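Quick notes on the structure that follows.
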Amino acid sequence: MTPRSLLRDDDLSPAEQAAVLDLAAAFKASPYAHKPLAGPRSVAVLFDKPTLRTQTSFSAGIAELGGHPMQVDSLLAGVGVRESVADVARVLGGQASAVVWRTFEQAKLEEMASYSGVPVINALTDDFHPCQLLADLLTVREHRGTLAGLTAAFVGDGANNMGNSWLLAGATAGMHVVIGAPEGYAPSQAMFDAAAKIATTTGGSVRLELDPVAAVTGADVVITDTWVSMGMEDEAAARAEVFAPYCLDEQLLAYADPAAIVLHCLPAYRGKEISAGVLDGPRSVVWDEAENRRHAQKAVLAFLAVHAGLTPATELPVSVLPGETR
Ligand code: NVA
């Protein structure tokens, strides 16, 4: 049987997402107390795109869980080039208890999960960034005390991985997610439909606004991201023009709720998608957000380790199995 993986945000049900966030908070409170990867079990970690936060937070987090971060140089390995993704998957599954991979196409990640025989975690693809979203939600919960019922406005390139992930994960958390993006840069209709379907079960909602002011007005959480995602560097000049009105500066932020917080997954380009004053200002929680990557990803690894039967559920401080009593 194929073990559970985290390939996209809606791989977690609302109850599972809440449990993972509870677990992340518990790990944050006691970072060295729980060792579900004791052995140490190895977790293969591969990057086909640049990384800072993801590589360091997975390395530190896997070690804190008692495991061994097996950093695999994906250029040397030549995943999908020197060997097929399926063959690499079968080899990695024989060496590691889980695979963490950042790559381009979502389909390649799915192929890895189909053949590895171990849980696979999406460390960012062109389409989704679910680990970032769990860190984002943890950060919102810390600063606003809750998630359900809050309005989150994502402004900028709504068609990128962060736009898609905010739609799915925000709807799963029962939030009202607004995407503020120019014509041609909105998430697909299929993505909106998937998120809207989830929202009907959680009390959340999703909507698109072409006007950045309409998108941000009254929001409790305002999120932006680079206008030029990794792999789109050739489009930088054209995008700078299209997205200029969506810059999250003091003027635009003034339309949000007075207590609104600002998130950015980083790296940030001050003066492009966000002004220096906003990124470095009092509403910004981006450094907590960056730290929370580690806690959130530890929770994902532990959740998947329990579901794969690698570690007993009782190893964890929070119940992550349906019907499990403590
Ligand atoms: N949308 C950005 C996220 C960076 C963490 C990218 O894919 O480059």
Side-chain angles (χ1 to χ4, degrees), residues 6-9 45-61 74 100-109 121-140 152-170 177 179-182 184-188 191 195 212 215 221-240 242-243 246-248 262-274 278-279 284-297 300:
L6 180 67
L7 306 181
R8 44 186 282 163
D9 305 79
V45 187
L46 301 85
F47 295 95
D48 294 344
K49 292 181 179 179
T51 176
L52 168 66
R53 278 150 294 279
T54 307
Q55 185 172 41
T56 54
S57 56
F58 267 110
S59 292
S74 69
V100 173
W101 191 19
R102 166 170 292 185
T103 191
F104 293 83
E105 300 91 345
Q106 184 72 14
K108 283 185 7 193
L109 192 78
I121 297 176
N122 180 350
L124 181 148
T125 59
D126 293 345
D127 293 346
F128 301 105
H129 199 0
C131 290
Q132 181 68 54
L133 256 289
L134 290 165
D136 285 13
L137 296 179
L138 180 64
T139 309
V140 174
F154 178 95
V155 281
D157 182 9
N160 78 11
N161 38 25
M162 287 298 293
N164 288 339
S165 279
W166 256 101
L167 271 185
L168 295 183
V177 183
I179 303 289
Y185 296 90
S188 67
M191 203 58 66
V221 183
V222 185
I223 311 111
T224 191
D225 181 19
T226 180
W227 296 335
V228 186
S229 285
M230 293 179 275
M232 295 182 167
E233 290 76 8
D234 290 354
E235 298 175 29
R239 284 172 167 260
V242 176
F243 287 110
Y246 295 79
C247 171
L248 181 56
V262 170
L263 301 185
H264 190 310
C265 62
L266 307 173
Y269 300 92
R270 291 171 176 81
K272 298 275 191 200
E273 77 276 4
I274 192 164
V278 170
L279 187 79
S284 168
V285 294
V286 300
W287 308 118
D288 290 346
E289 185 187 0
E291 180 193 324
N292 282 341
R293 293 292 304 279
R294 183 167 93 259
H295 310 301
Q297 289 157 193
V300 171

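Counting starts at 1 for both ligands and their atoms, following the listed order. Bear in mind that the values here come from a model prediction, so they are computed numbers and not experimental data. Heavy-atom basis, side chains included; hydrogens, waters and symmetry copies ignored.
- If you number the atoms of ligand 1 from 1 as listed, the ones under 4.0 Å from a heavy atom of Ser229 come out as 1 (N), 2 (C), 6 (C), 7 (O), 8 (O).
- At the shortest separation from atom 7 (O) of ligand 1 among protein heavy atoms lies Asn161 ND2, 2.9 Å.
- The closest non-hydrogen atom to atom 4 (C) of ligand 1, taken over Asp127, Asp126, Leu124, Val228, comes from Leu124.
- Of the protein's non-hydrogen atoms, Asp225 OD2, 3.7 Å is the one closest to atom 3 (C) of ligand 1.
- The nearest pair of heavy atoms linking Val286 to Leu266 is O-CD1, 4.3 Å.
- Heavy-atom minimum distance, Phe154 versus Gly163: CZ-N, 3.8 Å.
- Under a 4.0 Å criterion applied to the non-hydrogen atoms of Asn160, ligand 1 contributes the atoms 1 (N).
- For atom 8 (O) of ligand 1, the closest non-hydrogen atom of the protein is Met230 N, 2.8 Å.
- When the options Leu138, Leu263, Thr139 are evaluated for a side chain to side chain contact (heavy atoms under 4.5 Å, CB included) with Asp288, the one that passes is Thr139.
- Under a 4.0 Å criterion applied to the non-hydrogen atoms of Leu266, ligand 1 contributes the atoms 5 (C).
- Between the Thr226 side chain and the Val228 main chain, a donor and an acceptor come within less than 3.5 Å of each other.
- Residues Asp126 and Lys49 are paired through a salt bridge, judged by an N-O separation under 4.0 Å between the basic side chain and the carboxylate.
- For the residue pair Asn122 and Leu7, the shortest heavy atom distance occurs at ND2-O, 2.9 Å.
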